[in-house]
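Everything below concerns the one structure shown next.
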Amino acid sequence: MAGEVTVRLPDGSARTLPAGSTAADLASAIGRRLAADALAAEVDGELVDLRRVLPDGATVSIVTPASDQGRAVLRHSTAHVLAQAVTALWPGAEYAIGPAITDGFYYDFDLPGGARFTDADLERIEAEMRRIVGEDQPFVREELAIHDALSMFAGQAYKREIIAGVAQQGEPGFGAEAAGDVAPGATTVSIYRNSDAFVDLCLGPHVPSTGRLGHFKLQRVAGAYWRGDDKRPQLQRVYGTAWESAKALEEHLHRLEEAERRDHRRLGADLDLFSFPPEIGSGLAVFHPKGGLMRRLMEDYSRQRHEAGGYEFVYSPHITKSDLFETSGHLDWFADGMFPPMELDEGQRYYLKPMNCPFHIMIFKSRQRSYRELPLRFFEFGTVYRYEKSGVVHGLTRVRGLTQDDAHIFCAREQMAGELESTLTFVLDLLRDYGLDDFYLELSTKPPGKAVGTDEEWEEATTTLRTVAESMDLDLVLDEGGGAFYGPKISVQVRDAIGRSWQLSTVQLDFQLPQRFAMEYVGADNARHRPIMIHRALFGTVERFFAILLEHYAGAMPTWLSPLQVVVLPVRDDHDAYARHVAATCAAAGLRAEVDPASEPLGARIRRHRMQKVPYVLVVGDDDVPAGTVGVNRRGTKDPDKGVFLDVVVAAVAAEVAAHGLPERGGDVAVVR
RNA sequence: GCCUGGGUAGCUCAGUGGUAGAGCAGCGCACUCGUAAUGCGCAGGUCAGGGGUUCAAGUCCCCUCCCAGGCUCCA
């Protein structure tokens, strides 16, 4: 009907407004609070400004701050304010792009005269931003013809490049779908103006005015290459975070602190677990006795499970002649990630191995194989070396020397789906035993231009993996083009105690290496067949898994993985003999226990062992010696449990260890700072 | 590799041109104590390494090494 438009709301209801009404009008019509809260709107799946006129029949929802979309809008608007502040403080600064990202935003700049931001500049910029927010400047959208836009951004090379890209092909993310009213091969672009001082090329949407912003904080500066390309100019990137309320901002900053407190590098030093002596080299860790013990416990349990799961244990050397990696294709595809070769007398080149697979293939090929043997599952904690670029090494999670809990399954094609399924089940079960239980799966497909093998092979492998992944009853996300050069993979992503996700296990399907190495087995038909190969690592790498567990538990490892499980504290010297008896009783039950004698006050000793996150601290004094009891301080509890019979405590702890129990996962967080 | 910020005692850090400091940890002695730091003392540093400026350098300049964050979120 002329003169009116009818729109549909998220709850299914419809509302009729005068023609020409905007999203803001709709919000007002729904309610005063919504009108005050509204930041933007979603019209037929497209995010738009509140000032957008609503078309008849549209499905509309109002975007408010405390939503993912709302936060994205206000972060992006805050990025604009950042750019406005920087251009005010550095006249002539060029600004490139400034998107919203997870938890925040950034903007990339090219400052006049090659100037660089310093940390101190962040404060000045932030002050200027707060001034702009205080002026409550409206964000005003305009459409410009391409040639007008090019002249408007005459001094802005990066903006001009973006506009030129739009003009050429209607860049993805621009043009038709995003601007809504612009056809593909667009001839116009949109800009946003706030005050006369600042205008930016932008799709929008934006908050109505800068006064709607304010709960933000600039965090750091960093270099970032234009378009992520290290052959192009490096820009100065400013990162910040922005939220819908002071409370949300504060909570986010607190989460960052919490993550820092859990940083495995810090815990590794505090708990004396491992270190990275610069004398050894970047990305090369040493494990100290306590860390070594934890690592051995992790590995031993894994070995036990693998043995029960039908894996056979193999060993292979750390270096090999180049031939092996020429055949495998690694030297063609992975040479950048490998340490340079060692040249021997006869001109023979030896490489440190970056992967274990070719060695396991050699074991397969050491004699003729029969179909009766398949599937063959070879397992090894294989230490490999990868030349990570100096800027990317990070604690134990990105290192240059690493140990994979690596196995290769060789099977007949018809066994493939079944093996994949049992492997995935095995993976998830094992990870749960370490206390991780929040998973999702990711399917990585053929990397364009960086893969070997035919499309048909990739198609078959990918379909098989997808089918198996879908049967797992977990969320599955697609990682287009993320596969290895020899095959697609499923990776298991795990969310830790503070909600971060980590890529752990990978299961890769491989038709290529069996072919390159001319692997075969004799089938029941007495003919030769090519086996399928499945690569899989559950921890990913032992070092990285160690770091993830450490952060997941904030250093308070479950008792079965704690290097020291029980410390016994005699109140006075004359309780020593009984304390030793208590420790010996624990040891006899298979627990790792120590006595810390009374050369220091009790309070000091309690404090030290609590900070070292020992699961059980037992105190014995005058009351305990005659009664055969102990005072039990369980990690994560505030008050001791006094006068508990020794055999009761020992039995309980031993049972907890046997069950891999998790009494209070990370529960002492609030107590120890 | 590149950008920004760092490197001072085992650890955390103070010290911006004029005699290298603190707390914790370590060692010694005393204290013998019932639930998150007992007291006193001692030792510990070519201020990352090298070069330069200066009467004088931890401090200013240059080079190298190492560490952290970022360079993957694309108007």
Side-chain angles (χ1 to χ4, degrees), chain A residues 72 76 79-80 83 95-108 114 116-122 149 153 156 158-159 161-163 165-166 171-175 178-179 189-192 200-204 219-239 263 265-266 269-270 272 275-279 281-282 389-395 482 569-576 597-611 617-624 631-633 637-643 668 671-673:
Chain A
H76 182 52
H80 270 232
Y95 42 108
I97 57 170
I101 55 175
T102 308
D103 292 342
F105 60 90
Y106 66 79
Y107 216 116
D108 287 347
R116 314 278 183 213
F117 291 123
T118 65
D119 285 352
D121 290 331
L122 293 183
F153 291 101
Q156 295 285 339
Y158 303 101
K159 296 295 177 192
E161 186 174 325
I162 294 162
I163 297 166
V166 171
E171 210 170 86
F174 182 75
V189 296
S190 57
I191 60 165
Y192 278 81
D200 196 0
L201 179 70
C202 184
L203 268 180
Q219 293 170 298
R220 64 183 74 89
V221 300
Y225 295 102
W226 171 234
R227 305 272 198 194
D229 180 350
D230 62 12
K231 305 211 172 30
R232 311 197 64 174
Q234 189 168 43
L235 306 173
Q236 294 277 297
R237 175 169 297 178
V238 176
Y239 280 95
D263 191 315
R265 295 165 300 178
R266 177 195 194 92
D270 288 352
D272 194 17
S275 59
F276 293 90
E279 291 85 344
S282 184
K389 287 195 291 180
S390 68
V392 307
V393 299
H394 177 90
L569 306 181
V571 172
R572 273 194 324 271
D573 275 355
D574 48 326
H575 306 124
D576 267 7
S599 53
E600 282 176 285
L602 184 63
R605 287 178 288 156
I606 300 245
R607 177 170 191 270
R608 184 165 64 246
H609 294 111
R610 279 185 183 262
M611 293 209 309
V617 177
L618 307 182
V619 174
V620 295
D622 286 339
D623 303 339
D624 297 300
V632 181
N633 295 275
T637 60
K638 198 165 186 309
D639 297 315
D641 218 355
K642 289 187 187 172
D668 61 344
V671 185
V672 179
R673 263 213 77 90

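These numbers were taken from a predicted model, which means no experiment stands behind them. Chain naming here is simple, since letters A, B, ... match the order of the sequence lines and numbering starts at 1 in each.
Atom-to-atom, CZ of A/R232 to P of B/C71 comes out at 18 Å; the value is rounded to the nearest Å. If you take CD of A/E600 and C1' of B/C29, they are 14 Å apart, rounded to a whole angstrom. One atom, CG of A/L235, and another, P of B/G70, lie 18 Å apart when rounded to the nearest Å. Separating the CZ atom of A/R605 from the P atom of B/G34 is a distance of 10 Å, rounded to the nearest angstrom. Counting to the nearest Å, the C1' atom of B/A36 and the CG atom of A/N633 are 10 Å from each other. One interatomic measurement links the two molecules: CD1 of A/I101 to P of B/U72, which rounds to 12 Å at whole-angstrom precision. Computed from coordinates, the A/D263 CG to B/U12 P distance equals 12 Å when rounded to whole Å. In this structure, A/R610 atom CZ and B/G34 atom C1' are separated by 13 Å, rounded to whole Å.
An OP1 or OP2 oxygen of B/G69 is reached within less than 4.0 angstrom by a side-chain nitrogen or oxygen of A/H394. Between A/S282 and B/C67 there is a side-chain polar atom (N or O) within less than 4.0 angstrom of OP1 or OP2. Distances shown here put every side-chain N or O of A/R220 at or beyond 4.0 Å from the OP1 or OP2 atom of B/C71. Look at A/Y239 and you'll find a side-chain N or O under 4.0 angstrom from OP1 or OP2 of B/C71.
Interface remark: the A/Q236 side chain does not form any donor-acceptor pair with the B/C3 base, using a distance-only criterion of under 3.5 Å. Side-chain to base pairing of A/D624 with B/G34: one donor and one acceptor N or O lie within less than 3.5 Å of each other. Residue A/Y225 places no side-chain atom within donor-acceptor reach of the base of B/G70, judged by atom type and a 3.5 Å distance cut-off alone.
The same atom, C1', is picked in B/G50 and in B/C42; the two are 35 Å apart, to the nearest Å. Across the P atoms, B/U16 and B/G1 are found 33 Å apart, a figure rounded to whole Å. The P atoms of B/A20 and B/G5 are separated by 29 Å, rounded to the nearest whole Å. Between B/C27 and B/C66, the distance separating the two C1' atoms is 30 Å to the nearest Å. Across the C1' atoms, B/C61 and B/G17 are found 14 Å apart, a figure rounded to whole Å.
Using N1 to N3 plus N6-O4 or O6-N4 for Watson-Crick, or N1-O2 and O6-N3 for G-U wobble, each under 3.5 Å, B/A9 pairs with nothing. The partner of B/G26, taking Watson-Crick or G-U wobble pairs whose two distances both stay under 3.5 Å, is B/C42. When both pairing distances are held under 3.5 Å, B/C55 makes a Watson-Crick or G-U pair with B/G18. Base-pair partner of B/C71: B/G1 (Watson-Crick or G-U wobble, both distances under 3.5 Å).
Separation of atoms NZ (A/K159) and CD1 (A/I97) is listed at 8.5 Å; rounding is to 0.5 Å.
You'll find that the side chain of A/P640 is closest to B/U35, out of B/C71, B/A68, B/U35.
Looking at heavy atoms from C-beta onward, A/F153 lies in side-chain contact with A/I191 at the 4.5 angstrom threshold.
Residue contacts shown for A/F117 are limited to sugar-phosphate atoms, with no base heavy atom under 4.0 Å away.
A salt bridge does not link A/D624 with A/K642: none of the charged nitrogens is closer than 4.0 Å to a carboxylate oxygen.
None of A/Q234, A/R232, A/R237 except one satisfies the side-chain contact (heavy atoms from CB on, under 4.5 Å) rule with A/Y225; the exception is A/Q234.
Of the possible polar contacts, none joining the A/D108 side chain to the A/A96 backbone as a donor-acceptor pair under 3.5 Å is found.
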